[in-house]
Amino acid sequence: MSPPDQRQAVAAEGALDLLVIGDCNPDVMVVGGDVTPAFGQQEKLVDGISLEIGGSASITAVAAARLGLRVALAAAVGDDPAGRFMLAQLAAEGVDTSFVAVRPDVPTGMTVALSAGADRAILTATGAVATLTGRDVPSGLLVRARHVHVSSYFLVADSLGPGLATLLDVARAAGASTSLDTNWDPAQRWADPRLTEALGHVSLLLPNEAEALCLAGAPDLDLALSVLTAAGPELAVKLGERGALCTDGTRRYLAEPPPVKATDTTGAGDCFNAGVIAGLLSGLDLPSAVALGCAVGAASTRAPGGTAGCPDLATARDLARAVTVREVAAPPPRT
């Protein structure tokens, strides 16, 4: 953990556009047409293996920094080469890592991402990721941020979950907007009273389609939208190559990007989140911000890894002009 005097000095530096809270770990990217391992001590050749910035929170932070936002990350890593790799890479991207706690007795989390282009499989050892608590995110940092975003809730549910609603309440009371992307629940339990409480302090929920269905316990997306917006937040649901559907609880909009030849979809949803947040902070309404998010997410798929394809703001805005946004009718109320 950063020394108290350093943390106080950082807190005095001025406002942040974005504070991202969540996971920080390297991705070991395995890319190729056939990346399915063959057990029985068989060796297979793949197109490439590389070490990249990983963790949804870290990818979102980098993508937001590329879009010109002043970004800080609150997370936890181990005191080991993997942790030092992440801190160095994030700092090089302009992300403030002063509030990334360093655990001397826990290894940095690691992910192996097997990417076959449009689809991927992920293996993660959480390590220090799952040690992040509310005590690692001081109120002095929360009140500096214009927006607070939480990533990968289910990886930090047991450590951060008990204090998350309080953190978000402090941020909202200071005037910040807030967002949350739970990502997938590896345990597939989904129901969590700590998450339900936190959602009462969230401005915008950012699941993908499968996550929205599971979070809502709904058989279809129409019902999921109604259930999730009833919990309080506005909603932007990622639909992969089909774009994104957003709603404020009354009106629904579909943002449809032009076709993109995807090299690797790792981190596309996290980059989408950064684009939406950047759009909202620049004054765009939700549908227009989602269009910018679609542009950033689509651009990110054109290179392997979560951050290599992240565009700058000018490029993202240019790509967003090709995103079609239209209002879609909500189904009639169920009887």
Side-chain angles (χ1 to χ4, degrees), residues 20 22-37 46-64 66-67 89 93 110-124 149 151-152 154-155 181-186 206-214 221 236-246 254-278 290-311 315-316 319-320 322-323:
V20 185
D23 47 341
C24 180
N25 55 267
D27 278 349
V28 179
M29 291 295 309
V30 183
V31 179
D34 180 6
V35 294
T36 304
V46 296
D47 294 342
I49 300 177
S50 60
L51 190 65
E52 308 287 347
I53 293 173
S56 291
S58 298
I59 293 171
T60 297
V62 169
R66 295 259 184 99
L67 295 171
Q89 294 294 311
E93 292 285 352
M110 293 281 287
T111 290
V112 177
L114 308 170
S115 176
D119 196 11
R120 67 190 189 279
I122 301 169
L123 299 171
T124 295
H149 174 72
S151 288
S152 294
F154 290 109
L155 296 185
D181 186 350
T182 64
N183 297 91
W184 189 254
D185 180 3
L206 293 155
N208 65 28
E209 185 173 7
E211 292 157 359
L213 296 177
C214 292
L221 189 55
V237 179
K238 291 161 278 195
L239 306 175
E241 63 184 13
R242 293 179 289 137
L245 186 64
C246 64
L254 179 64
E256 300 173 292
V260 174
K261 182 175 175 57
T263 297
D264 172 36
T265 60
T266 300
D270 309 316
C271 293
F272 169 90
N273 294 345
V276 174
I277 293 166
V290 168
L292 184 64
C294 286
V296 178
S300 77
T301 68
R302 299 188 294 194
T307 62
C310 295
T315 301
L319 292 170
V323 177

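Sequential numbering from 1 along the given sequence is applied to the chain's residues. Keep in mind that the numbers below use all heavy atoms, side chains included, and drop hydrogens, waters and symmetry copies.
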Interatomic distance, Thr265 atom OG1 to Glu241 atom CD [nearest 0.5 angstrom]: 10.5 Å
- request: For Arg242, enumerate each residue passing the salt bridge (charged side-chain N to carboxylate O under 4.0 Å, His left out) test, keeping only those at least two apart in sequence or located in another chain.
  value: Glu209
Contacts of Thr301 that satisfy side chain to side chain donor-acceptor pair (under 3.5 Å) - sequence neighbours left out: none
message: So Val31 and Ile49, do their side chains get closer than 4.5 Å, heavy atoms only?
response: no
- line: Minimal heavy-atom distance between Thr60 and Ser151, with the atoms involved, is OG1-OG, 4.2 Å
message: Using every non-hydrogen atom in the two residues, find where Ala308 and Ala303 come nearest and quote the distance to one decimal.
response: CB-CB, 3.9 Å
- prompt: Excluding sequence neighbours, so at least two apart, what forms side chain to side chain donor-acceptor pair (under 3.5 Å) with Asp185?
  reply: none
message: How close do Ile59 and Gly306 get, counting heavy atoms only, and between which atoms?
response: CG2-O, 3.4 Å
- line: When every non-hydrogen atom of Asp181 is compared with those of Pro207, the smallest separation belongs to OD1-CA, 4.2 Å
query: Is Leu221 close to Leu245 at the side-chain level, that is, under 4.5 Å between some pair of heavy atoms?
result: yes
- prompt: Who pairs with Pro257 by side-chain contact (heavy atoms from CB on, under 4.5 Å), at least two apart in sequence or on another chain?
  reply: Cys294, Val323
query: Does the side chain to side chain contact (heavy atoms under 4.5 Å, CB included) test come out yes or no for Thr124 and Asp23, once each step is laid out?
result: CA-CA 11 Å; Thr124 295; Asp23 47 341; over 6 Å; no
- prompt: Quick one: are Leu155 and Pro186 in side-chain contact, heavy atoms under 4.5 Å?
  reply: yes
message: Could you report the tightest heavy-atom contact between Leu206 and Phe272, atom names first, then the distance?
response: CD2-CE2, 4.0 Å
query: Mind checking what makes side chain to side chain donor-acceptor pair (under 3.5 Å) contact with Asn25, not counting sequence neighbours?
result: Thr111
field: For Gln89, side-chain contact (heavy atoms from CB on, under 4.5 Å) partners two or more places apart
entry: Ile53, Phe85
- request: Could you check Asp270 against Asn183 for side chain to side chain contact (heavy atoms under 4.5 Å, CB included), going step by step and ending with a plain yes or no?
  value: CA-CA 9 Å; Asp270 309 316; Asn183 297 91; 3.9 Å; yes
By side-chain contact (heavy atoms from CB on, under 4.5 Å) - contacts of Ala298 (at least two apart): Val260
message: Quick check on side-chain contact (heavy atoms from CB on, under 4.5 Å): which of Pro26, Cys24, Ser152 does Ser58 satisfy it with?
response: Cys24
Shortest non-hydrogen separation from Ala316 to Val296 and the atoms involved: CB-CG2, 3.7 Å
Salt bridge (charged side-chain N to carboxylate O under 4.0 Å, His left out) partners of residues 25-37, not counting sequence neighbours, each pair once: Asp34-Lys44
- request: Would you give the length of the straight line joining atom CG of Leu67 to atom CD1 of Ile277, rounded to the nearest 0.5 angstrom?
  value: 10.0 Å
task: Go through the structure and list residues passing salt bridge (charged side-chain N to carboxylate O under 4.0 Å, His left out) with Glu52, not counting sequence neighbours.
output: none
message: Going by side-chain contact (heavy atoms from CB on, under 4.5 Å), name the residues that satisfy it together with Ser300, two or more places apart in sequence or in a different chain.
response: Ala268, Cys271
- request: Indicate yes or no: at least one non-hydrogen side-chain atom of Ser115 is less than 4.5 angstrom from one of Val35.
  value: no
Approximate separation, where rounding is to 0.5 Å, of Met29 CE and Thr266 OG1: 3.5 Å
field: Non-neighbouring partners of Glu256 that pass salt bridge (charged side-chain N to carboxylate O under 4.0 Å, His left out), sequence neighbours left out
entry: Arg326
